Amino acid sequence: MSDMRTPLAKVRGLGSAKEGTEHFWRQRLSAVANVFLITFFVIFIIATQGASHAELTSALSNPVVAILMALTVASAVYHMKLGMQVIIEDYVHGEGLKYVTLIANTFFCALIGFGSVFAILKISFGG
Amino acid sequence: MSNADIKSNRPLSPHIQIFKPILTMVMSIVHRITGAALYFGTVLVAWWLIAAASGPAYFDFVNEIYGSFLGRLILFGFTWALVHHMLGGIRHFIWDMGYGFGPQAREWLVRANLAGSIVITILLWIIGYAVR
């Protein structure tokens with residue numbers, strides 16, 4: 001049976017995945033955040049490289065630094081989760097392996113994200 | 001004839017192997033490779049932060065690994081991948097806004113991306129050594 005729907009009606013349904021351009025949009029949104037946050041991150045790394053443990057933890061105990069570091073981790077991890085998802089969808093064709101790698105991608109990003117944010121909070125809360 | 005046979009007898013559309021590599025295409029691939037490298041590079045960031053949260057002894061141990069020749073080499077590559085991927089991202093923002101698709105413009109953009117990433121990476125490391 002031929003498709004009687006107009007292009008507009010199809011667009012309103014947001015395609016077969018019902019997500020429309022959501023993945024693309026979130027990828028770009030986190031990219032915009034990353035431009036600013038990674039710039040902060042690079043400046044922070046240059047400022048603290050070679051620092052002792054005491055110097056680094058005292059720098060990270062500053063709330064502004066800790067907040068920016070946590071945001072950097074969150075934005076970067078979200079961005080890379082979206083990016084690796086596209087790479088997997090492009091190159092992994094077996095249905096089973098595709099699901100395993102997509103799940104592994106989410107787990108890896110969650111682990112890096114939670115691990116890093118926990119470390120930042122622990123240092124920042126003095127401990 | 002089964003469905004699988006019909007599938008395997010279908011003609012294949014040409015893939016990237018048959019095209020002569022051009023700079024814009026190579027840089028598109030490099031953008032993806034640097035993204036994937038940064039993905040695994042975050043292990044180094046997480047390890048560094050968790051080491052700092054674990055205490056001075058373990059932090060010094062990790063610091064020593066990162067400060068070794070091999071460690072610095074990897075971190076130098078990490079810096080380049082990061083800068084290159086960010087400049088590549090800015091190139092995509094320019095395209096998103098509808099600019100830079102002309103033959104000269106896109107060629108200029110990839111050259112600026114590559115040259116910029118190398119120059120900025122070296123500059124960052126010079127600054128890093130200078131402020132220490």
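All values derive from a computational prediction rather than experimental measurement. Protein chains get the first letters and strands the later ones, always in sequence-line order, with residue 1 at the start of each.
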_Which atoms of B:Leu82 are under 4.5 Å from chain A, going by heavy atoms: the side chain, the backbone, both sets, or neither?_
side chain
*Answer with side chain, backbone, both or neither: which region of B:Val83 has an atom nearer than 4.5 Å to a non-hydrogen atom of chain A?*
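It is neither, since no heavy atom gets under 4.5 Å.
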Taking side chain as everything from C-beta outward and backbone as N, CA, C, O, which of these in [X] sits under 4.5 Å from a heavy atom of chain B? Side chain, backbone, both or neither.
{"X": "A:Thr72", "answer": "neither"}
{"X": "A:Ala51", "answer": "backbone"}
{"X": "A:Val77", "answer": "neither"}
{"X": "A:Phe114", "answer": "neither"}
{"X": "A:Thr39", "answer": "both"}
{"X": "A:Phe41", "answer": "side chain"}

To the nearest 0.5 Å, how far apart are [atom1] in [X] and [atom2] in [Y]?
{"X": "B:His85", "Y": "A:Met80", "atom1": "NE2", "atom2": "CE", "answer": "11.5 Å"}
{"X": "B:Thr79", "Y": "A:Ile45", "atom1": "OG1", "atom2": "CD1", "answer": "9.5 Å"}
{"X": "A:Met84", "Y": "B:Leu38", "atom1": "CE", "atom2": "CG", "answer": "10.0 Å"}

*Would you mind telling me which of A:Val86, A:Val73, A:Ile46, A:Leu60 has the largest number of heavy-atom pairs within less than 4.5 Å of chain B?*
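Between A:Val86, A:Val73, A:Ile46, A:Leu60, the count favours A:Ile46.
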*Among the options A:Thr57, A:Leu111, A:Val117, A:Val35, pick out the one with the most heavy-atom pairs lying under 4.5 Å from chain B.*
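When all of A:Thr57, A:Leu111, A:Val117, A:Val35 are compared, A:Val35 has the most.
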Looking only at heavy atoms, what is the nearest atom pair of [X] and [Y], with distance?
{"X": "A:Cys109", "Y": "B:Tyr39", "result": "SG-CE1, 3.7 Å"}
{"X": "B:Gly55", "Y": "A:His53", "result": "C-NE2, 3.5 Å"}
{"X": "A:Ala31", "Y": "B:Phe93", "result": "CB-CZ, 3.6 Å"}
{"X": "A:Ser116", "Y": "B:Leu49", "result": "CB-CD1, 3.8 Å"}
{"X": "A:Asn34", "Y": "B:Met86", "result": "O-CE, 3.9 Å"}
{"X": "A:Ile87", "Y": "B:Ala36", "result": "CD1-CB, 4.3 Å"}

*Considering residues, nucleotides and ligands other than B:Phe69, do more than 12 of their heavy atoms fall under 6.0 Å from its CZ?*
no
*asked:* Would you say CH2 of A:Trp25 has more than 12 non-hydrogen atoms from neighbouring residues, nucleotides or ligands within 6.0 angstrom?
replied: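 Counting neighbours around CH2 of A:Trp25, 12 or fewer heavy atoms of other residues, nucleotides or ligands fall under 6.0 Å, so no.
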Would you say [Y] ends up clustered with [X] if hydrophobic residues are merged whenever their side chains have heavy atoms under 4.5 Å apart, either directly or through other cluster members?
{"X": "A:Ile103", "Y": "A:Val100", "answer": "no"}
{"X": "B:Trp108", "Y": "B:Leu23", "answer": "yes"}
{"X": "B:Leu123", "Y": "B:Val131", "answer": "no"}
{"X": "A:Val92", "Y": "A:Tyr99", "answer": "no"}
{"X": "B:Leu87", "Y": "B:Val119", "answer": "no"}

*Taking every heavy-atom pair that is under 4.5 Å apart, which of B:Tyr66, B:Trp48, B:Tyr129, B:Trp125 has the most such pairs with chain A?*
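Top count of heavy-atom pairs under 4.5 Å with chain A: B:Trp48.
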*Picking from B:Ala52, B:Ser54, B:Gly89, which has the most non-hydrogen pairs under 4.5 angstrom with chain A?*
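Result: the option with the highest number of such pairs is B:Ala52.
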*Evaluate side-chain contact (heavy atoms from CB on, under 4.5 Å) for B:Ile50 paired with A:Lys122, printing each intermediate quantity in order.*
CA-CA 9 Å; B:Ile50 292 164; A:Lys122 183 170 184 277; over 6 Å; no
*If the plane angle is over 60° it's perpendicular, under 30° parallel, otherwise tilted; pick one for A:Phe108 and B:Phe40.*
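The rings of A:Phe108 and B:Phe40 sit tilted, inter-plane angle from 30° to 60°.
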